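As the structure is a computational prediction, the values presented were derived from the model and not from experiment.
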Amino acid sequence: MMSSSRRMFIALSAAMAAPGSAASIARPCPLPTPGLRTEWAPNAGLVELYFLSDMPFNLEMKVLDGLGNEDSIGILQRSPGVNRSAYAGQAFRIYGSVAKQRVLMHEHVARDGDMLVQIWPCGPVEDRIRAGHDGYPMLGMRRAEEFTALAHSSIHGIGTRPCEPPGRSDLWSCVRYLPPATCEARHRNEQPAAGHDSFGLPAARGPFPKGTYEATNFDWQMKLLPRMSQGPGFLKMNMTDLIRRNVDWYYNKRLQEGDIPTEAIVRTFLHNDDVSPSDHVNLEDLEAVRDMIVTEMRDVLEWWVGGWTRLKHHATYGIRVYKRGAVLINHVDMHTTHLASAVLQVGQRTDENGGWPLEILTDDRGCYEVYLQPGEMVLYEGARFKHGRPMSFRGDAFANIFTHFSPSGWEGVRQEL
């Protein structure tokens, strides 16, 4: 039976999604850059560009000359995209159309090292697609068959993949359930339940004393939040092919270049990054990849929640690379913005039997351990279910991307006094 809180929220969401009654949640389309033109740099190098669109209609491609005049260079279709050689400094514009009006979708100036130029819906074009106009259903539900094939279980379950081989958790791709007594014994490092793994902060961190394995200051919000999905509150699955290929390329490129700085300390005190600082491959440095992840994950998460609400994006960050000894204590995320989220497993170098699971607590204090391999991800209700990695990481690198959404129109809950 559907809970009263969810019935009320579905009614609110439906009212806000009614034609003509809702503010657009679409990403704004860009405005033409004044004075944009092709600027031929001395000794400009030749670069290979791959223009890619996921929109269900053709787009118009333009190249700008040295005076800023536009010349048509053809049509960009949804598949397979367009490969084009260009010189560094050459400028392009991509246009779509709504109700016979041309809409600027993207501007791009070729640079050394360019590869992917991803064109995503925006403004009235995105609104039109999401509203199901012209026979196109909501984006996430349009791809339901694709996403179902990527999931490691039914959308309501945790799967049956065994955690094997024994003693090699570094190779595991599975979900393991531990009953409340076992879970608690592990957290408290009580032998033999904890084995060779240690849990909790190795030293005091902000308000948390040594040994802390969970934060409780926002536990009040969990019972007040609507459920976003059916089942245990999470789903393990493979990344979409588009995400996996481009994230792999970007991460490996930065590894080869040795361009992975240390991340600034996050002042939430949930992570012991004061003694085990993370590295950071900043997605903001390549907006095409970040924007692609946002759009793909909105589709995935809208499918996971069953298409009952449109989702608004709030944050996508990483690639955070945890290092040896890292601990992320169990916690709940922000109730205003982090209702439907995902962790993407980009890469890992762990010790033998050093698998580092995402732990998700149940309402009765049991825990699921979600073991991921590169190319996999877990969807989860982060503001509703407590989660973290309270086990000390045994390895050299563990690379994650995080992305967070909430239903359109959601403003959070208030603490009961």
Side-chain angles (χ1 to χ4, degrees), residues 1-6 9 151-163 169 172-190 193-195 197-201 208 211-237 270 301 304-306 327-335 338-343 345 355-372 376-392 400 402 404-406 413 415-416:
M1 179 178 295
M2 187 179 295
S3 68
S4 59
S5 62
R6 182 166 179 184
F9 186 65
H152 293 184
S153 71
S154 73
I155 201 168
H156 309 311
I158 63 171
T160 58
R161 289 188 178 189
C163 291
S169 62
W172 288 359
S173 172
C174 60
V175 177
R176 184 168 72 165
Y177 175 73
L178 300 175
T182 303
C183 188
E184 189 67 13
R186 286 161 56 85
H187 289 159
R188 296 183 182 278
N189 293 301
E190 296 172 355
D197 298 318
S198 63
F199 286 75
L201 294 173
F208 302 115
T212 298
Y213 53 85
E214 70 175 300
T216 60
N217 48 330
F218 290 100
D219 286 7
W220 60 267
Q221 73 185 42
M222 295 189 288
K223 64 181 179 179
L224 301 178
L225 291 171
R227 286 296 310 275
M228 295 295 297
S229 68
Q230 299 184 45
F234 66 90
L235 180 69
K236 179 174 174 288
M237 62 187 295
L270 300 174
L301 289 164
W304 179 50
V305 303
V327 170
L328 177 64
I329 65 175
N330 283 329
H331 62 282
V332 288
D333 293 336
M334 296 175 63
H335 62 85
H338 290 33
L339 272 69
S341 300
V343 176
Q345 188 67 29
W356 200 37
L358 178 70
E359 186 173 284
I360 301 174
L361 298 185
T362 65
D363 288 336
D364 66 355
R365 301 287 299 174
C367 55
Y368 288 106
E369 291 185 327
V370 183
Y371 289 87
L372 299 174
E376 298 177 348
M377 60 184 179
V378 58
L379 321 179
Y380 65 103
E381 298 181 47
R384 172 62 178 79
F385 291 97
K386 192 168 287 188
H387 60 281
R389 299 186 191 270
M391 181 193 301
S392 178
N400 288 163
F402 307 87
H404 302 286
F405 294 78
S406 72
V413 293
Q415 186 172 5
E416 297 175 342

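- Evaluation of the salt bridge (Lys or Arg N to Asp or Glu O under 4.0 Å) rule for Glu381 yields Arg227 as partners, not counting sequence neighbours.
- Residues forming a side chain to side chain donor-acceptor pair (under 3.5 Å) with Thr362 (at least two apart in sequence, or on another chain): Asp364.
- Scanning for salt bridge (Lys or Arg N to Asp or Glu O under 4.0 Å) contacts around Arg188 gives Glu184, with sequence neighbours left out.
- In this structure His338 satisfies the ring-ring contact (aromatic ring centres under 6.0 Å, His included) test together with His404, sequence neighbours excluded.
- Take Tyr368 and apply the ring-ring contact (aromatic ring centres under 6.0 Å, His included) test, not counting sequence neighbours, and it matches Tyr177, Phe234.
- Listed by chain and number, the residues in a side-chain contact (heavy atoms from CB on, under 4.5 Å) with Pro162 are Glu164 (sequence neighbours excluded).
- By the side-chain contact (heavy atoms from CB on, under 4.5 Å) test, Ala342 pairs with Met297, Leu344, Leu379, Thr403, sequence neighbours left out.
- Pro357 is linked by a side-chain contact (heavy atoms from CB on, under 4.5 Å) to Glu369, Tyr371, Met391, counting only residues two or more places apart in sequence or in another chain.
- Judged as a ring-ring contact (aromatic ring centres under 6.0 Å, His included), and not counting sequence neighbours, the contacts of Tyr213 are His187.
- Partners of Gln345 under the side chain to side chain donor-acceptor pair (under 3.5 Å) rule, at least two apart in sequence or in another chain, are Gln348, Asn400.
- Contact check on Glu214 versus Arg365 returns a salt bridge, with a Lys/Arg side-chain nitrogen under 4.0 Å from an Asp/Glu carboxylate oxygen.
- Residues that satisfy the side-chain contact (heavy atoms from CB on, under 4.5 Å) test with Asn217, not counting sequence neighbours, are Ala215.
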